[in-house]
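The structure appears below as structure tokens.
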Amino acid sequence: MDEAEKIRRAKVDAAEQAAIAGIPVNILKRYKAAQQRFKARGGCPGCGSLILSMHRGDCPTNKDDLY
Ligand SMILES: [Zn+2]
């Protein structure tokens, strides 16, 4: 491997590390946006829960979400 290739690979590695580090922030933003849309739609059609991925009792939608 020559120097240019080593530098190129180091840059790719650094970019990958930065992308990995950024994922939790993106997930959090997406979750918050999804949560807001979910609430705006009136929550879960099965149990009326307004919190995404949280259901009450034996909610039929919750059961569907498992598979
Ligand atoms: Zn539900």
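We count ligands from 1, going down the list as the structure has it; atoms in each ligand are counted the same way. As the structure is a computational prediction, the values presented were derived from the model and not from experiment. The chain is numbered in sequence order, starting from 1.
Counting only residues at least two apart or on different chains, the salt bridge (charged side-chain N to carboxylate O under 4.0 Å, His left out) pairs with a member in residues 4-21 are E3-K6, E5-R8, E5-R9.
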Which pairs would a plain distance check flag for residues 25-44, meaning a side-chain donor or acceptor within less than 3.5 Å of a matching protein atom at least two apart in sequence or in another chain?
residue: Y31; atom: OH; partner: L52; partner atom: O; Å: 3.4
residue: Q35; atom: OE1; partner: L52; partner atom: N; Å: 2.8
residue: Q35; atom: NE2; partner: L50; partner atom: O; Å: 2.7

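Residues passing the side-chain hydrogen bond (donor to acceptor under 3.5 Å, both in side chains) test with R56, sequence neighbours excluded: none.
Around the Zn ion (ligand 1), the protein N, O or S atoms closer than 2.8 Å are C44 SG, C47 SG, H55 ND1, C59 SG, listed by chain and residue number.
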